[in-house]
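Counting convention: from 1, in listed order, for ligands and their atoms alike.
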Amino acid sequence: MKMRQTMTHSDKDRVIIFDTTLRDGEQSPGATMTHEEKLEIAGLLDDMGVDVIEAGFPIASEGDFRAVSEIARLSRNSVICGLARANFGDIDRCWEAVKHAAQPRIHTFIGTSELHRTIPNLTMDEMAERIHDTVTHARNLCDNVQWSPMDATRTEEDFLCRTVEIAIKAGATTINIPDTVGYTAPRESADLIRMLINKVPGADQVIFATHCHNDLGMATANSLAAVEGGARQIECTINGLGERAGNTALEEVVMALKVRGDIMPYATGIDTTKIMNISRRVAAVSGFAVQFNKAIVGKNAFAHESGIHQDGMLKNAETFEIMRPADVGLSETNIVMGKHSGRAALRSKLENLGFELGDNQLKDVFVRFKELADRKKEIFDDDLVALMRTSVDPETVRLKVKSLRVVCGTDGPQEAALTMVIDGVEASTTATGDGPVDATFNAVKDLFDHNARLQLYQVHAVTEGTDAQATVSVRLEEDGRIVTGQSADTDTVVASAKAYVSALNRLLVRRETPEIGYDTKGVNYKDVS
Ligand code: KIV
Ligand code: ZN
């Protein structure tokens, strides 16, 4: 797999997959992952054959630095990349983190469009000099340097060519062309890369990359078009996670190249059978559920419910399917589990769904599985995924819901009687509210006073039927820190209480992680000096 880094320009048909779930994806408000979660996702990315993992933004915080350093140390096949603004401090810090990898990369960037140039207040000449100095500095530290002109798709063509040429001369080995605001369209995306390759001296010495955001829903199309134009690296995230409408979805570009190899003869090194598992894990740890009709990884992507479809599918699966569920790691059997299923069966089923469990984790999940089986006759794959998604690390749990009783009715305010365990001490209260969930949340606030603002409250039914579990996501914001908690239960109000408390537990962990430099969720582009 070392060929990933040493790939030469003659490998015309190989497209490098650069995953930025842990950097651009994690930058999405509310998608914060814990240190352990980041390591787990990096391990899965490495396992599935991702060529380059952008593991974080080391200058952003102690936490980011630690995560990038450890991911670098643990990396096996992937190149490990860190992000740095166009200043020596960022680049040095990035190198300190990625240097532990067998194959490190520094990725440095600066906004080159007219709008972005005004932020650090640099003239074109000053910016050109800055690019030369910073890329040279990065290259003196590391053989593998990626440079990005942020907002490239809105940068004046001449200036873009000039800056790309400077970066190449200064030693950049990959030139990434970001569509930062998701503004470009497929033909333009291809033309831009083609123009750069044709016009910029030295362009044949480097790999061109495409980095698209999905504001107009064109990220996948734009990335594939860029490949047609000559790009040989696609930057993407699992589930399309990312700020605003997200980034290009890894699973979409990879499966498009695989399924339509007839008209797009480009290969990736991705083991596509690992897609579903990592998609579920990223949804679980980021708190960003995958929309049901999302291409490739949505719950309905392979479901055929209409009568005509089912009839056709029974006769020949190819009637309506252009890829097999197994190609993306979706098990075709949905074996139902129930209260008589044992621990070994649960372990094997979870392994089948892509979850590797240690003995302690299995013990915890088995207890919760039995509790669920007492309330729900049939436990489907999706129920187990929801159980796994809502597993919590006992070390980070300071608040717990012990019991909840809610009185509902058509007349009058609803009332919630709640008992919680807070730092080992039991406390109870009764609160009213406008509906059972509001009453419950008021009771939580009563017992654990805080100023966090509720940003999002979302409920999904996991399976069909009136005994279906509900998965609830709660996003809270406090002093710029955004966290998401999730829980699942056959009782929607109980799931809501637990999701709220889970978000508070995450907030308590975040309060203890000081951020240095700047807010990790909003790059301070001004500070490039
Ligand atoms: O979208 C963007 O421009 C980026 C850069 C930092 C590469 O994420
Ligand atoms: Zn981006």
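With a 4.0 Å cut-off on non-hydrogen atoms, His213 touches ligand 1 through its side chain and not its backbone. Residue contacts with ligand 1, taken as heavy atom pairs separated by less than 4.0 Å, involve Asp24 solely via side-chain atoms from C-beta onward.
To the nearest 10 degrees, the Zn ion (ligand 2) sees NE2 of His213 and NE2 of His211 at an angle of 100°.
Among the atoms of Asp24, an N, O or S atom is found under 2.8 Å from the Zn ion (ligand 2).
In this structure, Arg23 is part of the shell of residues with a heavy atom less than 4.0 angstrom from ligand 1.
Between Asn176 and ligand 1, a contact under 3.5 Å exists for no N or O pair. Remark: ligand 1 and Thr180 share an N or O pair separated by less than 3.5 Å (distance only, no angle test).
A 6.0 Å sphere centred on OH of Tyr457 holds more than 12 heavy atoms belonging to other residues, nucleotides or ligands. Within a 6.0 Å sphere centred on CZ of Arg244, other residues, nucleotides and ligands contribute more than 12 heavy atoms.
Under a 4.0 Å criterion applied to the non-hydrogen atoms of His211, ligand 1 contributes the atoms 1 (O), 2 (C), 4 (C), 8 (O).
For the residue pair His450 and Glu478, no side-chain donor N or O sits within less than 3.5 Å of a side-chain acceptor on the partner.
Listed for the Glu26 side chain is a donor-acceptor partner under 3.5 Å among the backbone atoms of Met33. Looking only at distances, no side-chain donor or acceptor of Ser113 sits under 3.5 Å from a matching main-chain atom of Arg154.
A cation-pi arrangement is not found for Arg105 relative to Phe18, the charged atom failing to lie both closer than 6.0 Å to the ring centre and inside a 45° cone about the ring normal.
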